[in-house]
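Everything numeric in this text was worked out from a predicted model, so none of it was measured.
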Amino acid sequence: MPKNIEERACVAKLTEKDKKILDYILGNKKERCFLTSNEIAEKLEASASSVVRLSKKLGFDNFARFRRALQEEVAMSGSVAHIEVPHEKIKHYENIPDKELLAAFSQDVLKNLNGDISAENDQKLIDAAKIITEAGRVFVVGFRSCYGFADTMAVRLSCVRPGVAVAGSAFPLIDTLIDLAERDVMVAISFSRYSSETAFAVRMARDAGCGVIAMTDSYAAPIASSASKTIISNSGSMSFFDSYVSLMLNMEKLLLLISKYNKKTNEARLMKMERYLAETGRY
């Protein structure tokens with residue numbers, strides 16, 4: 001049996017619910033290694049028995065032994081690993097030769113992509129695409145570096161369905177989302193360090209009773225707990241910035257599926273759009 005928790009998780013047969021619980025615990029070992037199974041369950045709106053089952057799947061006799069193992073890992077590390085800010089991360093690679101640096105970065109990206117390609121992830125994309133296709137309107141939300149992806153997704157999505165709006169850095173958040181209704185759906189894009197504005201947008205969606213498709217890097221992300229579907233994209237990178245290549249892959253898969261559904265209407269919309277774009281030349 002592997003020794004540390006991460007190694008145990010790699011060989012265990014975990015469900016999506018198990019992964020959500022484990023992701024939450026590992027997101028801050030130093031604080032969460034002292035929580036009871038009931039406290040963890042309450043945080044995630046899950047059952048305490050789900051937390052206990054996870055500990056057994058990881059090879060522990062009971063939750064108490066699992067918690068003790070977490071505490072020992074924290075004690076051996078000496079300190080909790082914090083989220084490094086950009087200027088700290090640069091120090092790790094400033095002396096690496098250029099070609100070695102580029103090769104290492106490419107390996108990071110390929111690792112992220114391989115980690116996100118699975119039957120489970122594809123099914124979540126299929127489910128999310130159907131929700132978006134059937135929604136009354138679609139609101140895509142993202143801020144700072146995520147705003148560009150939100151804007152790109154909204155532009156591409158508007159090619160195959162009406163009623164698409166984007167909320168982010170260039171648009172007033174509350175003004176854009178004030179008319180959210182139950183038949184609408186929100187696509188929220190947020191990566192660590194998570195934007196409080198995106199979390200607030202998801203809260204507005206929840207208040208309106210509309211569905212949320214969360215595109216993020218962790219089940220412990222603030223936008224994940226209220227989501228109808230959570231699509232995880234690995235973003236680990238040795239650079240000062242996170243890598244969004246995996247996010248782009250998942251976005252494009254989602255758009256591919258949506259373009260397939262209701263093909264006749266989508267095709268007519270694209271043909272009409274192409275006629276006007278040809279006249280203006282603004283592709």
Item to check | Derivation and outcome, side chain to side chain contact (heavy atoms under 4.5 Å, CB included), residues R67 and T36 | outcome: CA-CA 8 Å; R67 186 170 65 172; T36 66; 3.8 Å; yes
Checklist entry - Just wondering, are more than 12 heavy atoms of other shown residues or ligands nearer than 6.0 Å to NZ in K17? => result no
Checklist entry - Is it the case that E42 and N38 place a side-chain donor and acceptor less than 3.5 Å from each other? => result no
Next on the checklist: Please report the interatomic distance SG(C210) to CG(L180), rounded to the nearest 0.5 Å.
Outcome noted: 4.5 Å
Checklist entry - At their closest point, which heavy atom of S190 faces which heavy atom of S195, and how far apart are they? => result OG-N, 3.6 Å
Checklist entry - Can you tell me if N121 and N250 form a side-chain donor-acceptor pair at under 3.5 Å? => result yes
Checklist entry - Under 3.5 Å, is there a donor-acceptor pair between the S218 and D23 side chains? => result yes
Item to check | Check: K229 and I131 side chains under 4.5 Å, non-hydrogen atoms | outcome: yes
Checklist entry - Got a sec: does the CD of E120 have more than 12 other heavy atoms crowding it under 6.0 Å? => result yes
Next on the checklist: What I want to check is whether the side chains of N112 and Y244 have a donor and an acceptor closer together than 3.5 Å.
Outcome noted: no
Next on the checklist: With a 4.5 Å cut-off on side-chain heavy-atom distances among I, L, V, M, F, W and Y, is there a chain of contacts connecting L173 to I213?
Outcome noted: no
Checklist entry - Would a hydrophobic clustering, with Ile, Leu, Val, Met, Phe, Trp and Tyr connected at side-chain separations under 4.5 Å, put M215 with V202? => result no
Next on the checklist: Would the distance check show the side chain of R203 and the main-chain N or O of T198 forming a donor-acceptor pair, the cut-off being under 3.5 Å?
Outcome noted: no
Checklist entry - Can a cation-pi geometry be assigned to R144 and F191, taking NZ or CZ under 6.0 Å from the six-membered ring centre and within 45° of the ring axis? => result no
Item to check | Flag, side chain of D184 to backbone of R137, donor-acceptor distance under 3.5 Å | outcome: yes
